[in-house]
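Before any comments, here is the structure.
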Amino acid sequence: MKNRSISRFWDKFSKKSIKYGIKADSILWMVKHAEGYIKHYPDNKLAAHSADFVTQYLKFKHRNPFMLNWQFRQIVLAIKILFTEMVQIGRAHV
């Protein structure tokens with residue numbers, strides 16, 4: 001049951017990403033970016049996150065000297081979709 005629920009969550013996330021103009025061949029990356037954010041905070045439920053969580057994560061990702069600007073923007077958009085479309089806690093401002 002949990003795996004089916006997780007699968008539905010990512011299916012919905014993928015559909016929301018398309019509404020943001022993400023092309024089908026980039027959806028997997030959007031999912032990976034959102035999963036990366038979630039895995040970065042394994043002991044915290046998304047509903048308990050504040051804007052500080054997002055800021056800390058983006059600072060962490062931005063320190064990667066090999067990351068290109070478009071990749072960073074893709075991470076930002078993935079997190080935005082995660083919180084504005086999926087979790088909707090209204091506290092994370094990306």
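Numbering of residues begins at 1 and proceeds along the displayed sequence.
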Taking all non-hydrogen atoms of both residues, which atom of M86 and which atom of K16 are closest, and how far apart?
SD-CG, 4.2 Å
By side chain to side chain contact (heavy atoms under 4.5 Å, CB included) - contacts of S26 (at least two apart)
I22, Q74
When you look at F53 and F83, which way does the ring pair (Phe, Tyr, Trp, His ring centres under 6.0 Å) test go after all the steps?
CA-CA 12 Å; F53 281 78; F83 282 105; 8.9 Å; no
Linking I/L/V/M/F/W/Y whenever their side-chain heavy atoms sit closer than 4.5 Å, directly or via other members, would V31 and W29 fall into one cluster?
no
Establish whether F60 and I38 are linked, either directly or via other cluster members, by ILVMFWY side-chain heavy-atom contacts under 4.5 Å.
yes
Under a 3.5 Å distance rule, please check whether S17 uses its side chain to pair with a backbone N or O of F13 as donor and acceptor.
yes
NZ-CD distance between K12 and E85, expressed to the nearest 0.5 angstrom:
8.5 Å
Would I18 end up clustered with L77 when hydrophobic side chains under 4.5 Å apart are linked, directly or stepwise?
yes
Quick one: pull up CD1 in I75 and NZ in K80 and give me the separation to the nearest 0.5 Å.
16.0 Å
My understanding is that only residues two or more places apart in sequence, or in another chain, count here; which of them pass side chain to side chain contact (heavy atoms under 4.5 Å, CB included) with H62?
F72
Identify, with sequence neighbours excluded, every residue that meets side chain to side chain contact (heavy atoms under 4.5 Å, CB included) alongside N64.
F66, M67
Should Y37 and K61 be marked as a side-chain contact (heavy atoms from CB on, under 4.5 Å) after you check the CA-CA gap, both sets of side-chain angles, and the distance that decides it?
CA-CA 10 Å; Y37 174 82; K61 295 305 280 185; over 6 Å; no
Do H49 and Y57 pass the side-chain hydrogen bond (donor to acceptor under 3.5 Å, both in side chains) test, and can you show the C-alpha distance, the side-chain angles, and the key distance before you say yes or no?
CA-CA 11 Å; H49 286 211; Y57 182 74; over 6 Å; no
Which heavy atom of A34 sits nearest to which heavy atom of A78, and what is that distance?
N-CB, 4.1 Å
ILVMFWY network linking W70 to M30, side-chain heavy atoms under 4.5 angstrom:
no
Run L46 and Y41 through side-chain contact (heavy atoms from CB on, under 4.5 Å) and show every step you take.
CA-CA 9 Å; L46 285 176; Y41 298 108; over 6 Å; no
Which heavy atom of L82 sits nearest to which heavy atom of F9, and what is that distance?
CD1-CZ, 3.8 Å
